[in-house]
A.B. asks: 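Below you will find the structure I want to go over with you.
Proteins get letters first, then strands, A, B, ... in listed order; numbering begins at 1 in each.
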Amino acid sequence: MAAIYSLYIINNSGGLIFYKDYGSKGRMDTNDSLRVASLWHSMHAILQQLSPINGCSGIELLEADTFDLHCFQSLTGTKFFVVCETGTQHMEALLKVIYELYTDYVLKNPFYEMEMPIRCELFDINLTQAIQKDRVALLGR
Amino acid sequence: MQFFGGSEISPSPPTPTTTTGNNAHMIYIFNRNGVCLLYREWNRPLHTLNPQQDHKLMFGLLFSLKSLASKMDPTSADKGNLGVPQLPGQGCSFHSFRTNTYKLSFMETPSGIKFILVTNPRTSDLRETLKYIYNLYVEYVAKNPLYTPGTPMR
């Protein structure tokens, strides 16, 4: 039973650059995942407008009936978000780990073009390892 | 339950003299057509839009978020397309989201009335509070013979 259902990475213009599904019944095809990603990007911007207080940096957590969505935004505007089971703990830490992997394996890859879909093998391998470790840690309790 | 520091559906809520006992920033109530039935603010230092646009933005935002949540639902295999209006109760709906400066809690009743509460981010799950407010709405507003459904509350 996966704690994480899926992972999305959006560049700062709102385009989806990475989408990985870890075993949900609601698996989406490419077009749908692109739409959802750009919708999320716009939502993020609008929610900042609605804040009653100055200095809102964007949504961190969306709770729904059957899932939670945790979002992490880097300083450059790249957004990482995971869809997980309700009440999963430590998603922020996992998102930070994924961000580190992104900087190590994607940004430092000389063949990677900025803002383009991610096609880096090492990133995929290490990402799977990180998620597995997280899953094992969760189930091991 | 003195959550707001004043009675919720009075015509002019007392402005809070101290903000320490007061958790909520704003409350909105919409009906299913997007008419804002009630809007109260207790603590809103930043206004970005005029009230009409603000209500429209809030309603549109909730519509899109509900649509997004039902599309992203990982537990149901068959979903409608994005943008198709969902009936209340059909599909998965979100109940709250949190940013670093505020938390928004949302509840939709089967009749399409939407309750939105904006509070500070440390608030815990407010679904019970929203149910309580809905009960107040039913008691004092829906059962009021002088109230026309679909118009802002007085």
Side-chain angles (χ1 to χ4, degrees), chain A residues 1-8 19 21-29 31-73 81-88 92, chain B residues 24-26 28 41-49 53-55 57-83 89 91-106 108 116 118-121 124-127:
Chain A
M1 171 77 88
I4 303 175
Y5 288 120
S6 45
L7 166 73
Y8 297 72
Y19 166 58
D21 188 283
Y22 293 103
S24 73
K25 279 188 253 148
R27 200 174 299 254
M28 279 193 268
D29 63 3
N31 282 336
D32 281 342
S33 55
L34 283 166
R35 273 186 220 125
V36 160
S38 32
L39 184 61
W40 181 255
H41 176 82
S42 329
M43 287 293 116
H44 197 101
I46 295 176
L47 295 177
Q48 283 183 281
Q49 283 261 322
L50 270 180
S51 165
I53 299 184
N54 258 323
C56 180
S57 72
I59 187 172
E60 287 169 3
L61 167 64
L62 173 93
E63 290 169 315
D65 299 333
T66 50
F67 68 93
D68 281 354
L69 189 147
H70 294 255
C71 180
F72 169 72
Q73 182 172 236
F81 59 97
V82 277
V83 177
C84 54
E85 286 175 355
T86 45
T88 322
E92 286 90 44
Chain B
H25 290 299
M26 296 114 69
Y28 297 77
E41 62 183 49
W42 293 278
N43 181 20
R44 189 174 188 178
L46 176 67
H47 289 253
T48 43
L49 300 165
Q53 288 182 322
D54 190 58
H55 298 331
L57 181 68
M58 180 59 88
F59 187 77
L61 176 79
L62 288 168
F63 176 83
S64 315
L65 269 179
K66 260 176 36 107
S67 168
L68 179 81
S70 92
K71 185 74 192 189
M72 292 196 93
D73 184 9
T75 57
S76 89
D78 175 36
K79 292 169 276 196
N81 293 315
L82 273 180
C92 166
S93 170
F94 76 102
H95 56 82
S96 76
F97 69 78
R98 188 192 76 208
T99 74
N100 62 332
T101 51
Y102 70 99
K103 177 169 185 173
L104 186 145
S105 309
F106 170 76
E108 182 168 26
I116 296 109
V118 178
T119 59
N120 70 53
S124 59
D125 192 7
L126 284 177
R127 277 181 278 188

A.B. asks: Using a cut-off of under 4.5 Å on heavy-atom pairs, state which of A/Met43, A/Glu63, A/Glu60 scores highest against chain B.
C.D. replies: A/Glu63
A.B. asks: I'd like to verify something: which residue of B/Lys103, B/Arg98, B/Met58, B/Met26 has the highest number of heavy-atom pairs under 4.5 Å with chain A?
C.D. replies: B/Arg98
A.B. asks: Working to the nearest 0.5 Å, report the span between CD1 of A/Ile53 and CG of B/Asn43.
C.D. replies: 6.5 Å
A.B. asks: Counting N and O atoms only, with roles assigned by atom type, does the side chain of B/Asn100 sit under 3.5 Å from a partner on the main chain of A/Ser57, one being a donor and the other an acceptor?
C.D. replies: yes
A.B. asks: Let me confirm one number: the CG-CG distance from A/Leu47 to B/Leu65, rounded to the nearest 0.5 Å.
C.D. replies: 6.0 Å
A.B. asks: For A/Leu69, is it the side chain, the backbone, both, or neither that has a heavy atom closer than 4.5 Å to a heavy atom of chain B?
C.D. replies: side chain
A.B. asks: Would you name the heavy atoms of B/Thr99 and A/Gly58 that are closest together and state the gap between them?
C.D. replies: CB-O, 3.3 Å
A.B. asks: Nearest 0.5 Å, what's the CD1-CG distance between A/Ile46 and B/Leu57?
C.D. replies: 6.0 Å
A.B. asks: What is the minimum heavy-atom distance between A/Cys56 and B/Tyr102, and which atoms define it?
C.D. replies: SG-CE2, 4.0 Å
A.B. asks: Are any of the side-chain heavy atoms of B/Leu68 and A/Trp40 separated by less than 4.5 Å?
C.D. replies: yes
A.B. asks: Name the one of A/Thr66, A/Asp68, A/Asp65, A/Leu62 that satisfies side chain to side chain contact (heavy atoms under 4.5 Å, CB included) with B/Phe94?
C.D. replies: A/Leu62
